[in-house]
Asks: 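Sharing a structure below in structure tokens format, with a few things to ask.
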Amino acid sequence: MHEYPPIADHGLVGDLQTAALIAADGTVDWWCTPRFDSPSVFASLLDSDRGGFCRLAADLGDVTVRQLYLPDTAVLITRFMAPSGVGEVADFMPPVTTPSPAARHRLIRIVRVVRGSMPFELICRPRFDYGRAPHSLARHDDGSALFRGPGTDLHLQATDRITLHPDGTDVSARFTLRAGERAAVLLTAESGEPGALSGRPGGTPASVDMAGAELEACTAFWLDWLRASRYRGRWHEMVTRSAITLKLLTYAPTGAPIAAATMGLPEQIGGERNWDYRYTWVRDASLSVRALTDLGFVSEADAFRRWLRERLDAGGTASGEPLQIMYRVDGEPHLTEEVLDHLEGYRRSAPVRAGNAAADQIQLDIYGEAAFALAEADDIGAVRGWHAFARVIDWLTDHWDRPDEGIWETRGGRQNFTYSRLMTWVAFDRAVDLATRHSRPGDIDRWRAARDAVLRQIIDRGWNEKRKAFVQHYDTDVLDASLLLMPKVGFLTPTDPDWLTTLDAMDGELVSDSLVYRYDPAASPDGLRGSEGTFNLCSFLYVEALARAGRLTQARYAFSKMLTYANHVGLFAEEIGPSGEQLGNFPQAFTHLALIDAALALDEELDRAGGRPH
């Protein structure tokens, strides 16, 4: 049985429509296909017995394993070192950049020995539809295997050095390579209606040369993509890895980024905070636009803005709101949540949820983040997108002053969250600016009046005089790290006295050795049992706020410490636990975009100070 590795003990590979996690022992233990939000083929990360996996690793007891990325690419290398020799497996997925969804997705695994000799073992044990559906297994004359599940075929091809041995519904193989020898395993997932599936992998027989050519093409793709980057700062390797991760988590046909590659990974081991993050949050994706644009990846930012404009053009949601807080990558708004009670959950952290009921929540901040993203575009003034945007702002002038569930999607009841009001201020502020700059029609006087009313309300009710700080909502003195965005969106300056005392209050209540909690759930109940770790997004927002406030020594030290929590290949999950372990869904896009923003802010402020921290 494949045991649970630590959440962060993985690398990520993907083809821009789906992605797989590969543990440091050479096991593919998470892959959903044909899209990020499709049912899984491999999900042993959520149930080591029922989930399914594909392991390709050295068949030795005394072996040291190391994992790394081929520099500046999404090619993952897993190295096995033993007294008898040194071998490695290169895992990658050829990018699928077609403008339409693809039915076929390939995961290629090339194994070679560079010193001595080494025996390898292959075990392929798929479990379709989150482990709920049975499948058949057939062998072809060329030695390849076909796993047929409901609506999905998984073909396994191998080079002639590997002899496959079917075992009921699974396939295994053992083979030995010597220095200079290579072998390859190709996994091809093909999806469609049962009558449309080919039953064959649809290509020439697997060969090492063909796999090698695919590797060269994949490497060239990523190196070419990175040429658009303008980043020349101090943290090149981490910023580049974060940019590649954001690209891997973006669905190419629509330009919609997902929040994370996984679902159900716990924020507390054994707890119930186990959500499905394989969808596109308007908030997360909108805030990524600035980071991508600042790095030079303009086409990715433009693609998301097109997706966002389409959501605005589509009109209202079932709840009567113009926008929903999250969607599927194709823009579909229905994300029905179900509990997969046949899965035990990561290290018995149940329930495992697929879908996300939070999609129906009211979170007013999304209108500000949408405006924040659209305001970054040079073409927002075009008539094509303006009318739908102006219509939403008109609606917001009548509906901004309401309690909502807030940015953290708590399930403890609606409140007048300060952050939600902050972002409605952003929506009105950007709308006034855009209409003025582009000479577009709109009820500018009414928008300006609403903007000023929101500002007065935040100052009057969001400020707690006793704490000398802006607080989570109007009926509490609890702090909230989401307000670290206050200076970033221009509500006040980074050195405003009220902001500096808020930052000091956060230091005392939310910060633990540079790590930042979202809020204190004991003081502000969120309707869920248990606790959670510090939130990586907030920790990087804290670094940026410190840098902009001129506290450069503190900011640089906090940033350096945060980087030590990255996993062995530079990836971050959602949270950090009490012992420094990564928790929550992995890797999380929000964390990586905040890392980019923090690095950019630190670079700028250090350069402004002549490179001397203060």
Side-chain angles (χ1 to χ4, degrees), residues 12 14-16 69-75 95-97 99 217-258 280 284-309 369-382 430 485 488-490 537 540-541 543-544 547-548 559 563 566 569-572 587-608 611:
L12 178 76
D15 66 4
L16 311 182
Y69 277 110
L70 197 63
D72 293 344
T73 76
V75 177
V96 180
T97 58
C218 182
T219 300
F221 170 87
W222 286 106
L223 294 176
D224 182 65
W225 180 76
L226 275 176
R227 289 193 181 97
S229 176
R230 295 195 296 259
Y231 185 74
R232 301 294 183 269
R234 296 164 176 81
W235 295 280
H236 183 271
E237 185 174 353
M238 288 302 296
V239 168
T240 296
R241 181 53 50 199
S242 291
I244 291 173
T245 302
L246 291 178
K247 179 70 170 176
L248 282 171
L249 296 177
T250 300
Y251 186 64
T254 63
I258 59 173
T280 300
D284 303 34
S286 294
L287 291 176
S288 72
V289 165
R290 180 67 176 270
L292 291 169
T293 302
D294 287 347
L295 288 180
F297 299 110
V298 178
S299 62
E300 283 75 14
D302 287 343
F304 170 70
R305 279 190 287 259
R306 285 194 296 272
W307 180 92
L308 181 57
R309 283 196 293 263
E369 284 118 5
F372 189 75
L374 294 172
E376 295 292 321
D378 292 333
D379 66 346
I380 181 59
R430 299 309 191 270
L485 282 164
K488 185 180 182 71
V489 299
L537 161 72
F540 284 119
L541 291 178
V543 169
E544 183 176 1
R548 296 303 188 191
F559 189 65
L563 296 185
V569 289
L571 303 182
F572 283 91
Q588 195 203 29
F590 221 165
T591 297
H592 285 278
L593 76 89
L595 184 157
I596 292 170
D597 282 344
L600 291 171
L602 259 177
D603 278 323
E604 183 178 332
E605 297 300 331
L606 286 169
D607 289 345
R608 184 176 289 129

Asks: Got a second to check how far Phe221's CZ is from Leu226's CG, nearest 0.5 Å?
Replies: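 With rounding to 0.5 Å, CZ (Phe221) is 9.5 Å from CG (Leu226).
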
Asks: Do Arg290 and Asp294 meet the salt-bridge criterion of a basic N to acidic O distance under 4.0 Å?
Replies: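 Result for this pair is yes, salt bridge flagged.
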
Asks: Once you round to the nearest 0.5 Å, how far does OG1 of Thr591 lie from CG of Asp284?
Replies: 9.5 Å

Asks: If only atom types and distance count, is the side chain of Tyr231 paired as donor or acceptor with the main-chain N or O of Gly296 below 3.5 Å?
Replies: no

Asks: Search all heavy atoms of Asp607 against all heavy atoms of Arg234 and return the closest pair with its distance.
Replies: OD1-NH2, 2.8 Å

Asks: Could you go through the side-chain contact (heavy atoms from CB on, under 4.5 Å) check for Arg232 and His236 one step at a time?
Replies: CA-CA 7 Å; Arg232 301 294 183 269; His236 183 271; 5.6 Å; no

Asks: Would you check if the side chain of Arg230 reaches a backbone N or O of Thr293 as a donor-acceptor pair within less than 3.5 Å?
Replies: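 Pair found, side chain donor or acceptor close to backbone of Thr293.
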
Asks: Looking at every non-hydrogen atom in both residues, tell me the closest pair between Val543 and Ala598 and how far apart they are.
Replies: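 Where Val543 meets Ala598 most closely, the heavy atoms are CG1-CB, 3.9 Å.
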
Asks: Working to the nearest 0.5 angstrom, can you tell me the gap between Arg430 CZ and Glu369 CD?
Replies: 11.0 Å

Asks: Check this for me, if you would: do Arg608 and Glu604 make a salt bridge, where the nitrogen-to-carboxylate-oxygen distance has to be below 4.0 angstrom?
Replies: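 Answer for the salt bridge query: yes.
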
Asks: Between Thr280 and Ala285, which heavy-atom pair has the shortest distance, and what is it?
Replies: CG2-CB, 4.1 Å

Asks: Please confirm whether the backbone N or O of Val239 pairs with a side-chain atom of Ser242, one donor and one acceptor, at under 3.5 Å?
Replies: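 No; judged by distance alone, with no hydrogens or angles, the pair does not exist.
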
Asks: Kindly indicate whether the side chain of Cys218, heavy atoms from C-beta on, has any atom under 4.5 Å from the side chain of Thr73.
Replies: no

Asks: State plainly whether the residues Arg227 and Asp72 are in salt-bridge range, i.e. N to O under 4.0 Å.
Replies: no

Asks: Nearest 0.5 Å, please: how far is CZ in Phe540 from CG in Leu593?
Replies: 10.5 Å

Asks: Parallel, tilted or perpendicular: which fits the ring planes of His592 and Phe572, with parallel below 30° and perpendicular above 60°?
Replies: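 Plane angle over 60°, so perpendicular.
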
Asks: What's the shortest heavy-atom distance between Thr245 and Pro587, and which atoms?
Replies: CG2-CG, 4.0 Å

Asks: Work out which heavy atom in Ala589 is nearest to a heavy atom in Ile258; give both atom names and the distance.
Replies: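 Distance-wise, the nearest heavy atoms are CB-O, 3.5 Å.
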
Asks: Would you sort out whether Glu300 and Thr250 count as a side-chain contact (heavy atoms from CB on, under 4.5 Å), showing the intermediate values?
Replies: CA-CA 9 Å; Glu300 283 75 14; Thr250 300; 5.7 Å; no

Asks: Could you grab the distance from atom CZ of Arg241 to atom CG of Leu595, nearest 0.5 Å is fine?
Replies: 12.5 Å

Asks: Please evaluate residues Leu541 and Phe590 with respect to the criterion side-chain contact (heavy atoms from CB on, under 4.5 Å), reporting the C-alpha separation (whole Å), side-chain torsions for both, the decisive distance (0.1 Å), and the verdict.
Replies: CA-CA 11 Å; Leu541 291 178; Phe590 221 165; over 6 Å; no

Asks: Tell me the closest heavy-atom pair linking Leu16 and Leu248, and the distance in Å.
Replies: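 Smallest interatomic distance, heavy atoms only, reads CD2-CA, 4.3 Å.
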
Asks: Return the CH2 to CG distance between Trp235 and Leu602, rounded to the nearest 0.5 Å.
Replies: 4.5 Å

Asks: For side-chain contact (heavy atoms from CB on, under 4.5 Å), just list the numbers for Phe304 and Val289, CA-CA rounded to whole Å, side-chain angles, deciding distance to a tenth of an Å, and then say yes or no.
Replies: CA-CA 8 Å; Phe304 170 70; Val289 165; 3.5 Å; yes

